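Everything below concerns the one structure shown next.
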Amino acid sequence: MAKKKTSKKKAVKKATKKVVRKKVVTKKAARKKSGAKSRRARNVDTPTRINEFANDVATLAAKGVDPYLDIPTRALSNVSFEKSTGLIEMGDSTQRRSFFNLGQAKKFMQTTLIASGCSELLRQKKTTSIRDLFYHCKHTIEGTRENTFDDQAESDPIIEDLEVALASLREELGLYAEPKGALVGPMTIVDRGDTIDLSRMGSGGYAVPSIVEDHVIQFKKCTADFILLIEKGAVWRRFNEDRFWKKHNCLIIHGGGQPPRGVRRLLWRLHNEQQLPVFVLVDNDPWGYYIYSVIKQGSINLAFESARMAIPDARFVGMSSYDADAFGLPAEVTIRVTEQDIRRAKEIRDYPWFAKKPWQREINHMLQKGVKLELEALSSKDFSFITDTYLPKKLKDEDYLD
Amino acid sequence: MPPMSPPKTRSGKTGATSTTKRGAAPKRTNATAESMAGMQREISVSEFFAKNRHLLGFDNPRRALLTTVKEAVDNALDACEEAGILPEISVRIDHLPKIDESRYRVTIQDNGPGVVRRQIDNIFGKLLYGSKFHRLKMSRGQQGIGISAAGMYGLMTTGRPMVITSRSKKGKPAHHVELAMDTTKNKPEVSVDIETEDFPEHTGTRVVIELEGKHQRGRGSVDAYIDQTAIANPHVLLTYIPPTRSSEDDADEAPLLEGDAGAVVGVPEDLSHTTTIGDSIVYPRTINELPPEPAEIKPHPKGVELGTLMRMLKQTSQKQLGGFLTNEFCRVSSKASQQICDGAGLTTRTWVTKIAHAEAEALHKSIQRVKLMGPPLNCLAPIGTRQILAGLLKGVRAEFYTAATRPPSVYRGNPFQIEAGIAFGGDLKGDDTARVIRFANRVPLLYQQSACSAFKAVVETSWKNYGLTQPRGSAPQGALVVMIHMASVWVPFTSESKEAIADYDEIRKEMRLALQECGRKLGTYVRKRDRIKREGQRRDAFARYIGEVARALHSIDPALDPVKVRDDLEAVAASRTEMADVTLDEDGLPIDKTRNVRVDENTVILDSPDAVAIPEAPVAKPAARKTAKKKPAKKKVVKKTATKRKPSGDQQEQLFGD
C-alpha cells in the first residue's frame with residue numbers, strides 16, 4: 001500500500017502538518033472557554049456535557065446575555081479532506097443558534113427539550129429510537145395552541161445538531177436509528193452476553209444492532225480473511241444462499257443502501273480490531289460511489305466522527321463502469337443515467353477525495369457512456385454469475401479502485 | 001330653468017308634427033333689422049346670473065344654503081383680517097318649517113370693521129361690486145359676486161330682503177338696512193333704513209338671509225364647510241348653530257333681528273378641541289395671531305394676455321411706453337423695458353397712444369422673450385405648517401399629523417404657494433378611501449373634487465411608497481385625511497362657483513411635491529409603527545418559549561432553579577425587544593413618556609386620540625407650546641423643517657425666464 005512506501009520527505013511533511021493541526025486544536029480549546037461552545041473534548045462523558053450546556057445557558061441568561069449554542073456546520077463548506085489520514089474532517093465553522101433571534105427561538109427551545117430528553121434517558125440508563133424521543137418531547141406549549149414539535153422531521157435535525165454540538169454520538173445520547181443490515185461469516189461474537197456463531201445464522205443473517213460498542217458486542221473468534229460490504233440486502237441474500245462466505249472465508253455484510261452507523265461502526269471495529277481488509281461491492285451509479293466514499297473517508301454529515309467510522313484502507317471492487325464491457329453484459333441491462341445522476345456524478349467528481357486519477361477516469365467513463373449498472377444486471381448471464389464468476393475474478397485480479 | 005322647459009318642448013313638438021301633417025310651413029314672422037333692434041337691449045349681470053344661478057353655486061337648495069353661508073363667512077374673514085382683527089364669527093341656521101319645509105334663515109355675524117352706511121347698498125345689493133377684483137392680492141373672495149348673489153337668491157326664492165346690520169365705528173349706532181335688488185338694473189333697493197342699538201358693542205356686520213334651502217349633513221354640507229374652515233383658519237373663533245328642533249318651535253316668534261347668536265360671548269377660554277355647548281358647536285381659536293397680511297402686487301408681464309395688455313395700454317395714465325412698462329407691471333426695470341421695446345421694434349419713448357394692435361402684438365411677443373425676475377412673493381400668506389397642524393389637531397382625530405409648506409412658485413405670471421397636511425390613524429376609519437380636503441386661499445372647496453387639480457395630485461402621488469394601499473387611478477385607502485391648500489393672488493378656478501382649481505402643470509407639480517414631503521414622513525412613521533408591532537410579536541414568541549426552556553434546563557440539571565432561569569430569560573427578552581415599549585417618534589428618538597404629545601416643527605404624534613381632548617392637559621395649545629419649547633430641544637428637527645424654506649420677503653425670487 002502506498003502509505004507504507006512513504007518517503008522520508010513525506011514523513012517530514014506529515015510531521016509539520018501535525019503541528020499545524022495541533023495549533024488548530026488549541027485554538028478550539030481556547031474558544032471553548034468563552035461560552036457555551038461545541039464541547040468537543042471527549043474526555044468528559046455525555047451526561048456531563050449536557051449538564052454543562054444547561055448551566056451555560058442559565059449563566060448567560062443571568063448575565064443578561066442572549067443564550068446560544070454553537071453548532072458545527074454540517075456542510076461541504078465546513079469539511080476538508082485530510083490527504084495524510086484519508087479522512088474527511090470537520091472544519092471550525094459553526095452556526096450560532098441563539099434564543100433571542102426570532103428565526104431561531106423555537107429551534108433553540110427544541111434543542112433544550114431534546115437535551116433534557118436525552119439526559120433523562122441517560123439517567124434511566126435506557127435507549128430509545130429517535131421517533132420515540134420525538135413523542136417524548138412533543139407537547140403543547142403552556143398557554144398557547146402551539147406544539148413543541150409538529151413533526152419528526154423537526155426533531156431529527158435537532159438531534160443531529162445536538163450530537164455535533166456536544167460531540168457525542170447518537171448512541172452515546174441513548175438513541176438509536178432504525179437498525180438495518182445483516183452479517184454472516186466465520187466468526188463468533190457476544191452480544192449483550194449472548195454468544196452468537198455468525199456462521200450459523202440461516203438465511204436471514206445476524207441483524208446488526210444500532211449500538212455495537214464493545215460494552216454491547218465483544219468479538220470472540222474470527223477466522224475470516226476479509227469483509228465484503230454489499231450495498232443491498234437482495235444481493236447479500238444471493239451471496240448467503242450461495243455460501244460465498246464459506247467458499248472464500250469471509251464475512252459478508254450489507255447496510256440496506258447507505259449503511260447505518262451501526263454497520264459502519266462494526267466494520268470499523270472489525271477492520272481495526274481484527275485487521276480484516278474491507279471490500280465494497282455497490283451498484284455502478286453515483287450513489288454507489290458515494291456509499292463507498294462514506295465507508296472509506298467518512299460522511300459530510302458525521303465528519304466529526306470520521307476518525308471512529310471511516311476506513312481509509314477500504315477498497316472498491318465493483319461495479320465499475322468498465323465491467324459491462326469486461327464481462328460482456330448485454331446493452332439491454334444497462335440503465336440510462338438521469339439528469340439527477342449526472343448532476344450527482346459531477347458533484348462527486350469534484351469532491352477532493354475522488355480526485356485520484358483512476359476515480360476521475362471511472363466517473364468520466366460512466367458519464368461518457370451515459371449508463372449505469374445495477375448489481376442485478378449480472379444475473380442476465382446466470383443467477384449465480386456474481387458469486388461464481390464476477391467477484392472471484394475481480395478479487396483474484398485485484399481489480400480494485402482505491 | 002327646469003320648470004319652464006317641459007311645456008316649451010311639448011309645444012315645439014306639436015308645432016313640428018302639425019307642420020309635417022299640413023305639408024306647409026306656418027307663416028313666419030320675418031323680422032327686419034329695425035324690428036329686431038327694438039328687442040335688442042343690454043343684459044345686466046344680475047339678470048344673467050339670476051338665470052344662470054348654477055354658475056354661482058346655487059344650483060340646488062342644499063348647495064344654495066352652503067354657498068350662502070360660505071360667501072358670508074368668506075367676506076367676514078377677509079374683512080376681519082384686512083382690518084387686523086382676530087375674527088370671531090358665528091353662523092346660525094334656522095329652519096322655518098312653519099312657513100315652508102324648505103325655508104331657512106341664515107345669520108352670520110362677525111366682529112370685523114363693519115361697512116360704512118353709504119357702501120352697504122352697493123356691496124350687498126349689487127353684483128360685481130367690490131374691492132377685490134381689480135387688485136392682485138391674496139384674499140378669499142375674488143370677484144365681488146358672492147354675497148350679493150346670495151341675497152339675490154334669497155330674494156328670488158322667498159321674496160324676503162336681505163337684512164344687514166353693521167356698526168363701523170365703536171360708540172356710534174349700528175345701521176339696520178333691509179335690502180332688495182332690482183335684478184334687471186343690477187341696482188340695490190333699500191326698503192328699511194334705520195339706526196339701531198341692537199348689535200353687540202364692537203364693530204362688525206351681521207347678515208341675515210332667508211332662502212329656500214335644504215340642510216343635510218355629509219359631504220358638501222354646511223357642517224363640512226364649517227369644519228374645514230376651522231381647520232384652515234385656526235386663528236378664527238367660530239360658533240356654529242345648526243338647525244335644530246328648538247329653533248323650529250320659536251321660528252315664528254323669533255324676530256328677524258334676533259339678538260346676537262349668543263355663542264360668541266361666553267366661550268370658555270381654554271378650549272382646544274371642537275366642542276358642543278348647548279345648541280352650538282364651538283371651534284376654538286388655537287392660534288392667537290393673524291396670518292401675515294399679504295401685499296398687493298402689480299401684474300407680472302409674463303402673465304398678461306394680449307387683450308389685457310391692450311386694455312391696460314388704453315387705460316394707463318402713462319404717456320410713454322417705457323413708463324407704462326415700468327409702472328404698470330412688477331419686475332420691469334428700465335433695462336428690461338428697454339429690452340422689451342427693442343424686441344418689439346419700438347422705443348421706450350414711443351407714445352402709448354400710438355400703439356395699435358400690430359405693435360401691441362409685437363410687444364406681447366417681445367415680453368415673452370425677455371428674461372424677467374419672477375413676481376414678488378411677499379404677496380402670499382400661506383397658512384403655515386404650524387397653523388395647519390393646529391387646525392388638523394382641532395378638527396381631525398388621528399394619531400399622526402404632519403404638514404409641509406412648499407416654497408412659492410409661479411404659474412402664468414401669478415405667484416402661488418402650495419401647502420399640504422396629513423392626518424393618519426387614530427379614530428379615522430382604515431378601510432375607506434382617504435378623505436381629501438381642498439382649500440384655496442383658506443376657503444374649503446367642497447364640490448367637483450375629481451375636476452380639481454388638488455385631487456388629481458393626490459391620485460397621482462404614489463402612496464404605496466408610504467405604506468398605504470392605493471388602487472390604480474384612485475386616491476389612497478387607509479385612515480388618512482389629506483389636506484391641500486393653495487395660496488395665490490389669483491386662484492384659477494374652473495368656474496365662478498369656485499369649487500375646483502384648474503389644472504395647471506406648475507400647480508399640480510407643486511401639490512405633488514408637498515404631498516410627497518408629507519408622505520415621506522408618514523412612510524417613516526408607518527414603517528416604524530409596523531416595526532414596533534413586529535417587535536411585539538417577537539417578544540410574544542420569546543415569551544412563549546421561555547417557560548419551556550426554563551423547565552428543560554431544570555430537568556437536565558435539577559440544581560437550576562426554573563423560576564430564576566425564567567426571570568433571567570424574561571429580563572433578557574425585555575431588553576432585547578425594548579422597541580416594543582417605545583412610543584413613536586418621527587426621527588427614531590425615544591419619546592419621553594411623561595409627555596402625551598411630541599411635537600416637532602411640522603409633525604405631531606399623539607399617543608392616544610384623546611390626548612388633546614382633555615382641556616386641562618398641557619397640550620391645550622400645542623402650537624403655542626411649540627414655539628416656546630421647540631428651540632432648545634430639537635435642533636436637529638428644526639433643521640429640516642419647512643420654515644426654513646418659507647418665503648422671506650424678496651430674497652427667494654426665482655428667475656422667471658422662458
Side-chain angles (χ1 to χ4, degrees), chain A residues 36 46-69 97-124 136-149 158 162 166, chain B residues 467 523-585 588-593:
Chain A
T46 306
T48 316
R49 288 198 290 269
I50 297 180
N51 211 318
E52 269 174 22
F53 162 61
N55 278 288
D56 280 349
V57 171
T59 315
L60 287 172
K63 275 195 227 155
V65 180
D66 181 4
Y68 59 86
L69 175 69
R97 175 168 300 166
S98 46
F99 186 23
F100 294 106
N101 173 324
L102 200 56
Q104 299 175 343
K106 184 161 191 184
K107 275 191 176 170
F108 186 91
M109 178 272 289
Q110 290 170 334
T111 311
T112 60
L113 282 180
I114 294 286
S116 107
C118 291
S119 98
E120 235 175 285
L121 266 181
L122 293 172
R123 239 193 327 266
Q124 298 178 18
H136 180 82
C137 295
K138 178 177 178 167
H139 59 259
T140 305
I141 300 167
E142 207 173 289
T144 69
R145 302 166 87 183
E146 189 180 347
N147 284 334
T148 50
F149 293 93
I158 302 264
L162 203 63
L166 300 176
Chain B
T524 316
Y525 174 78
V526 169
R527 274 191 295 278
K528 188 137 199 181
R529 198 178 69 158
D530 289 352
R531 203 161 79 224
I532 286 173
K533 207 187 266 172
R534 276 203 304 280
E535 281 276 292
Q537 286 164 354
R538 254 181 76 188
R539 179 181 292 183
D540 285 352
F542 298 149
R544 278 204 303 280
Y545 301 146
I546 281 174
E548 292 291 333
V549 170
R551 253 193 303 277
L553 296 187
H554 172 68
S555 134
I556 293 169
D557 186 351
L560 293 170
D561 177 9
V563 178
K564 182 181 181 300
V565 173
R566 197 193 63 215
D567 291 349
D568 286 347
L569 285 172
E570 268 165 6
V572 184
S575 73
R576 286 262 150 179
T577 53
E578 262 167 357
M579 276 291 293
D581 295 329
V582 171
T583 3
L584 294 178
D585 149 327
L589 306 166
I591 298 173
D592 180 0
K593 282 207 190 133

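It should be emphasised that the depicted structure is a prediction, and the values quoted were computed from it without experimental measurement.
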Given a strict heavy-atom distance threshold of 4.5 Å, which part of A/Thr148 is in contact with chain B: side chain, backbone, both, or neither? side chain
Which region of A/Lys106, side chain (C-beta onward) or backbone (N, CA, C, O), has a non-hydrogen atom less than 4.5 Å from a non-hydrogen atom of chain B, or is it both or neither? both
Does the pair B/Lys564 and B/Asp567 meet the rule for a side-chain contact (heavy atoms from CB on, under 4.5 Å), with working shown? CA-CA 5 Å; B/Lys564 182 181 181 300; B/Asp567 291 349; 5.7 Å; no
If you count heavy-atom pairs within less than 4.5 Å of chain B, which of A/Arg123, A/Lys63, A/Glu120 leads? A/Arg123
Heavy-atom distance under 4.5 Å to chain A: side chain of B/Leu560, backbone, both or neither? side chain
I'd like to verify something: which residue of B/Asp568, B/Val549, B/Ile556 has the highest number of heavy-atom pairs under 4.5 Å with chain A? B/Ile556
Measuring heavy-atom distances to chain B, does A/Thr112 have an atom under 4.5 Å in its side chain, in its backbone, in both, or in neither? both
Could you walk me through whether A/Arg97 and A/Ile158 pass the side-chain contact (heavy atoms from CB on, under 4.5 Å) check? CA-CA 11 Å; A/Arg97 175 168 300 166; A/Ile158 302 264; 3.8 Å; yes
Top residue by heavy-atom pair count (under 4.5 Å) with chain B, among A/Cys137, A/Pro47, A/Ala58? A/Ala58
Does A/Arg49 reach the main-chain N or O of A/Leu166 with its side chain, forming a donor-acceptor pair under 3.5 Å? yes
Got a sec: does the CD of A/Glu142 have more than 12 other heavy atoms crowding it under 6.0 Å? no
Donor-acceptor check, side chain of A/Asn55 to backbone of A/Asn51, threshold 3.5 angstrom: yes or no? yes
Please classify the contact between A/Asn101 and chain B as side chain, backbone, both or neither, with a heavy-atom cut-off of under 4.5 Å. backbone
Closer than 4.0 angstrom, basic N to acidic O: yes or no for B/Arg551 and B/Glu548? yes
Under 4.5 Å from any heavy atom of chain B - which part of A/Gln110: neither
Could you label the plane-to-plane angle of the A/Phe99 and B/Tyr545 rings as parallel, tilted or perpendicular, counting under 30° as parallel and over 60° as perpendicular? tilted
